[in-house]
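Residue numbering restarts at 1 for every chain, and letters A, B, ... go by the order of the sequence lines.
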Protein chains: 2
Amino acid sequence: MTTIKDVANLAGVSVATVSRVINERGYVHADTRKKVEEAVKQLNFSPNEVARSLYKRKSKLIGLLLPDIANPYFPQLARGVEDRMQEQEFRLIFGNSDEDEQKEKDYIQTFIQNNVVGVISSTNYPHSSIYENLKIPVVFLDRTPLDSPSVFADGREGGRLAAREIIKRGSRRITVMQGPAHIKPAQDRFEGAIESIRQAGLDYRVIQTTSFSFNDVGLWADELFSKYGDTDGVIASNDIAAMAVLHEALRIGKKVPEDMQIIGFDDIPMSSLLSPGLSTIRQPAYEMGREAAGLLIKLVEQAPIENKHIQLPVSFIERGTTRKVNSDG
Amino acid sequence: MTTIKDVANLAGVSVATVSRVINERGYVHADTRKKVEEAVKQLNFSPNEVARSLYKRKSKLIGLLLPDIANPYFPQLARGVEDRMQEQEFRLIFGNSDEDEQKEKDYIQTFIQNNVVGVISSTNYPHSSIYENLKIPVVFLDRTPLDSPSVFADGREGGRLAAREIIKRGSRRITVMQGPAHIKPAQDRFEGAIESIRQAGLDYRVIQTTSFSFNDVGLWADELFSKYGDTDGVIASNDIAAMAVLHEALRIGKKVPEDMQIIGFDDIPMSSLLSPGLSTIRQPAYEMGREAAGLLIKLVEQAPIENKHIQLPVSFIERGTTRKVNSDG
DNA sequence: TTGTAAGCGTTATCAG
DNA sequence: CTGATAACGCTTACAA
């Protein structure tokens, strides 16, 4: 490994001078600068970030904590975060928490041990002591503790929107899938949906689910059809659940959207490739990731912040699992 | 931040002794150990990994370089890597390369600057100078330079398998989607498929594609149907492409699998949730990630290695886009 | 069994 | 404008 010392020797200057030129700090004569730059190039030198980090007590590293990257909603988030961080030369230490508080704790712990300058976390425990005592900025994704910076979509409004649209299109015996109880955004969606359904004076049924995993999602679809076979509209807790419902509906010979409409949540990329295409409430995951990264960067750099809560809009994406709306609305 | 010095002071010993107990190295009297352990607990001390890394010239970090985490095949890989690394207390610095050599170079560069002890890379440029000059172990994913450790599935065999199965099930006018030219595994699949089709004495058509992106994939599906509308079997370059073909086939009123069979590649999790379910050649992505991580750990720890090339089996997953096979095979 | 001190590669202070 | 040097927090000879 070539160090600043090697460069200094080759250029015939002190390490201090080399440091000055690579950091563009302080005065250094044009000639000396050139000598140093040549030495740097010749030795293909690049500074050891670890040594820097030790001295400055801060790195160019950011911690990213997600429940499960294998869950299709998160890769887009991650990509958004990464792209934005990349622009500012920050790197990501990444971990899956599986919504387990202990795992989160462990990760945050090692983040700190590695001098990360900030963390982005999609957690169910934003009020955990883990975060309270953190001396570096945290941006929460999809969670909105009042006092902490966060980026989120309006889940409640998403739920309302889903209900309104499915009702507008004629569903009357609606089943709402209530996502895992410990996942706040899932509950928000659920409550929003219930709210709108009630407002319309309709009744509804609920299927309770306990995870977003591919393995389980078929079970709930089954449960839905065996319990509420006469349902003519399903508001799913996310697109994966919606896919499972669609799959099962088609399997048992229901026509979608004629016999049953389905609305998902998230608008994961493959939703448009289903047949029929999945109507869904879109959350702009990639953008959310970018925004979270941008916000964190500002926090880290102590730049002025207009608003520490960034809410991104949800929107209804009309595809094939809902009927065309009547012109009279 | 509490340091080893604080602990030493509180325990009334030297930093060396503290170091000994937290690293369980060298002799330390039971009584002293207890004092130190209490101080550690009381101060909630955990060692600064950056300082460690600087001294030892190696961290507990490994670099993971993937083309694009937003592409559904990779999250599973990533998850496999992460889970395995986690077990050994390694952390991941993660980057998306977009199959761009320069981006890769930049990432590898910063990996090194951060003292990572190894890297896992899914790259199209395994022979690039980037990797040749690396002094830390690299495990390639999905690429198999002869001399370097790698984990991969047998793409060629996968291609053969796809062709055999689709032919066995009666397709005669087969169209093969040839993935992006610069992506080796895609070409392997393609060649394997061609090989088996030729062997069967059949003709075939080719649709050339240039990316695996969600945005483009619909275009090739369109192209396929407009150019080769009489095709009765499609071997797609991956599941996303297959989904697009299925989608388009259904849209224009073709019956799948009756009029046209489709076989994908990868077996991404949502493949089973399509309607009909997507028949595909499975690559065990999660396992590949785990294996790569396991292999890298051995390399890093200089443990003996049986085989530096780990090939995982591909298999045909029969679902609804292929017909049931005749009992006579 | 324990402590002292050098060293890991940088940056920043301070003197020249 | 440049160079010595202390310091960042830790590990490890080496000495005691």
For B:Tyr107, does the six-membered ring have the charged nitrogen or CZ of A:Arg91 within the cation-pi criterion, i.e. under 6.0 angstrom from the centroid and within 45° of the normal? yes
Rounded distance [0.5 Å steps], CD1 in B:Ile130 versus CD1 in B:Ile108: 6.5 Å
Please state whether the phosphate of D:dC1, meaning OP1 or OP2, lies under 4.0 angstrom from any side-chain nitrogen or oxygen of A:Thr32. no
Looking at A:Asn23, I'd like to know whether one of its side-chain N or O atoms comes within less than 4.0 Å of OP1 or OP2 on C:dT11. yes
Report the distance from atom NZ of B:Lys5 to atom C1' of C:dG3, rounded to the nearest whole Å. 14 Å
Tell me which of A:Arg25 and B:Gly26 sits closer to the 5' end of DNA chain C, going by the nucleotide each one is nearest to. B:Gly26
Tell me the closest heavy-atom pair linking B:Asn114 and B:Ser59, and the distance in Å. O-OG, 3.8 Å
Quick one: sort the B:Tyr131 and B:Phe140 rings into parallel, tilted or perpendicular, breaks at 30° and 60°. perpendicular
I need the OH-C1' distance between B:Tyr27 and D:dA15, as an integer number of Å. 17 Å
Is it the case that the base of C:dG3 and the side chain of B:Arg20 share a donor-acceptor contact (distance under 3.5 Å, atom types as modelled)? yes
Less than 4.0 angstrom between a side-chain N/O of B:Ser14 and OP1 or OP2 of C:dT2, yes or no? no
Once you apply a heavy-atom cut-off of 4.0 Å, does B:Ser19 come out as touching a base, just sugar-phosphate, or nothing? base
CG/A:Leu312 to CZ/A:Arg290 distance, rounded to the nearest 0.5 angstrom? 12.5 Å
Five pairs per end, C1' atoms only: what is the angle between the end axes of the helix from C:dT1-D:dA16 to C:dG16-D:dC1, to 10 degrees? 50°
Rounded to whole angstrom units, what separation is found between the NZ atom of B:Lys56 and the P atom of D:dT11? 7 Å
Does C:dT2 have OP1 or OP2 sitting under 4.0 Å from an N or O in the side chain of B:Thr17? no
Between A:Lys58 (NZ) and C:dT10 (C1'), how many Å, whole number? 15 Å
Ignoring hydrogens, what is the shortest heavy-atom contact between B:Val81 and B:Gly289? Give both atom names and the distance. CG2-O, 3.4 Å
